[in-house]
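Please read all numbers here as calculations on a predicted model, not as lab measurements. Every heavy atom of this structure was used, including side-chain atoms; hydrogens, water molecules and symmetry mates were not.
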Amino acid sequence: MTDKELKILARSRISSNGGDCISLIVCLFANIAFFLMCEAIAFILLKSAGRQWMYNITLITKNKTVLFFWLIKSFVELALLIPQFAVVRRNFIDIARGGNLIDTRSYITAHSLSYYRMAYKSALVRFFIKFTAAVPGIISLYGIYYWSYVCRIDELTSGGLFCLMLCVGFTVIWTGVTAHYCISLCLTPYIMALNPRTNIFDACDLSVRLMEGKHYRYIKFLAGFIKFIPALFLVYPVFAVYPYFKVCYTLLMDEFLGEYNHDKMPGMIKRWRKYCR
């Protein structure tokens with residue numbers, strides 16, 4: 001399908017599942033609001049104890065207590081938020097395909113521990129793979145900082161200037177390489193959502209192979225939604241824009257998957273219901 005045909009199909013799917021789309025957005029807002037409230041309570045408690053400096057991000061590299069606090073806090077927040085986004089992603093797959101959300105929700109609720117563990121493991125592995133790919137770029141970026149800020153440009157020797165230019169060129173090139181690789185992994189969460197029992201590393205490898213030659217289409221698709229970004233600051237348009245984007249994005253992922261587009265969840269739900277009887 002072309003992007004235009006894909007968007008037409010997405011609008012028809014959303015129009016027949018408008019209530020479910022709104023409920024998913026409300027669920028996301030509720031989770032985000034809950035964590036913001038927890039952050040506010042934690043800040044107030046730390047402030048009353050005279051430890052509000054623990055929220056000073058500039059101290060992360062200078063104070064081990066602050067670093068440990070932010071690591072634990074981030075780990076707990078991600079451990080709770082990632083599964084929620086995984087469930088929302090799975091529900092939008094059902095909306096895009098005209099599936100039954102009730103059966104999917106019942107199955108996830110009955111197998112919440114294993115499903116959430118899979119979602120968290122998948123997100124964690126993908127993060128470390130992307131971070132590992134970005135490490136050379138981060139090192140070269142530090143080289144730019146070192147040679148241009150720590151060693152001021154007016155004090156650079158010819159060797160230092162060569163190192164600075166080398167770091168700049170390598171950072172630009174590696175940024176493109178990292179972006180290319182991250183786009184190649186975009187199918188991974190959808191492969192895992194279609195078959196939660198898939199090995200995460202196999203899913204990453206399959207995603208990279210299936211995305212060969214499709215990066216331009218992917219970037220072009222995302223660029224078509226840039227015009228909606230200003231409207232999102234008004235908050236209320238999110239209830240229309242986000243479902244529209246997610247359904248369109250899911251249909252695009254379905255097209256990229258091609259012959260590997262096999263949803264195992266209906267069969268898993270059927271076997272589960274048979275076993276329950």
Side-chain angles (χ1 to χ4, degrees), residues 24 27-28 31-32 35 70-94 96-97 104 108 111-141 171 173-219 221-223 225 242 245-258 260-265 268:
L24 290 174
C27 176
L28 286 178
N31 281 283
I32 294 172
F35 285 104
W70 276 86
L71 286 175
I72 295 298
K73 184 171 71 69
S74 300
F75 179 81
V76 172
E77 290 175 351
L78 289 174
L80 296 174
L81 277 176
I82 287 174
Q84 298 301 322
F85 280 96
V87 173
V88 170
R89 182 187 301 117
R90 176 63 231 191
N91 286 327
F92 271 114
I93 290 176
D94 289 327
R97 296 182 169 191
T104 301
I108 293 175
H111 303 81
S112 56
L113 185 60
S114 59
Y115 193 87
Y116 291 168
R117 184 172 61 247
M118 176 278 300
Y120 187 67
K121 178 182 178 181
S122 173
L124 195 64
V125 169
R126 283 186 288 116
F127 169 78
F128 277 109
I129 290 176
K130 292 177 181 179
F131 179 77
T132 302
V135 164
I138 295 173
I139 295 174
S140 64
L141 192 62
T171 301
I173 294 173
W174 199 259
T175 299
V177 171
T178 304
H180 183 276
Y181 185 67
C182 289
I183 292 175
S184 297
L185 293 174
C186 69
L187 286 172
T188 305
Y190 287 86
I191 295 172
M192 296 299 298
L194 295 175
N195 185 6
R197 296 173 183 173
T198 303
N199 182 282
I200 177 59
F201 296 102
D202 292 338
C204 291
D205 180 65
L206 178 60
S207 176
V208 171
R209 288 191 287 111
L210 292 178
M211 283 299 295
E212 289 182 4
K214 299 173 183 176
H215 293 75
Y216 175 74
R217 171 80 187 279
Y218 182 84
I219 295 173
F221 171 82
L222 294 182
F225 284 88
Y242 186 77
F245 170 76
K246 287 296 292 183
V247 175
C248 288
Y249 190 85
T250 301
L251 292 173
L252 182 67
M253 295 297 103
D254 281 348
E255 186 169 326
F256 284 166
L257 285 170
Y260 292 93
N261 191 1
H262 303 298
D263 191 357
K264 304 294 184 181
M265 188 68 78
M268 294 166 65

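Put simply, the side chain of Asn195 never gets that close to the backbone of Ile191: no donor and acceptor are under 3.5 Å apart. Of the possible donor and acceptor atoms, one in the side chain of Asn91 sits under 3.5 Å from a partner among the backbone N and O of Val87. Between the side chain of Ser207 and the backbone N or O of Ser184 there is at least one donor-acceptor pair closer than 3.5 Å. The backbone N or O of Met118 sits nowhere less than 3.5 Å from a side-chain atom of Ser122 that would complete a donor-acceptor pair.
Rounding to the nearest 0.5 Å places CG of Leu24 at 11.0 Å from CD of Gln84. Rounding to the nearest 0.5 angstrom, the gap separating the CG atom in Leu141 from the CH2 atom in Trp174 is 14.5 Å. One distance of note links CZ of Phe245 with CZ of Phe92; it measures 10.5 Å at 0.5 Å rounding.
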Check against side chain to side chain contact (heavy atoms under 4.5 Å, CB included), Thr178 and Phe131: CA-CA 9 Å; Thr178 304; Phe131 179 77; over 6 Å; no
Criterion side chain to side chain contact (heavy atoms under 4.5 Å, CB included) on Leu194 and Arg90, from CA distance to verdict: CA-CA 8 Å; Leu194 295 175; Arg90 176 63 231 191; 4.1 Å; yes
Met253 and Ile93: CA distance, side-chain angles, deciding distance, side chain to side chain contact (heavy atoms under 4.5 Å, CB included) verdict: CA-CA 10 Å; Met253 295 297 103; Ile93 290 176; over 6 Å; no
Side chain to side chain contact (heavy atoms under 4.5 Å, CB included) between Thr198 and Leu206, worked out: CA-CA 11 Å; Thr198 303; Leu206 178 60; over 6 Å; no
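Two residues are said to be in side-chain contact when any heavy atoms from C-beta on lie closer than 4.5 Å; His111 and Met268 fail this criterion. Side-chain contact between Lys130 and Leu185 is present, with at least one heavy-atom pair separated by less than 4.5 Å. A heavy-atom distance below 4.5 Å is not found between the side chains of Leu187 and Tyr260. Within the 4.5 Å cutoff, no side-chain heavy atoms of Asn261 are placed close to those of Phe256.
The aromatic ring centres of Tyr190 and Tyr249 sit less than 6.0 Å apart.
Heavy-atom neighbours of His180 NE2 from other residues, nucleotides or ligands within 6.0 Å: at or below the threshold of 12.
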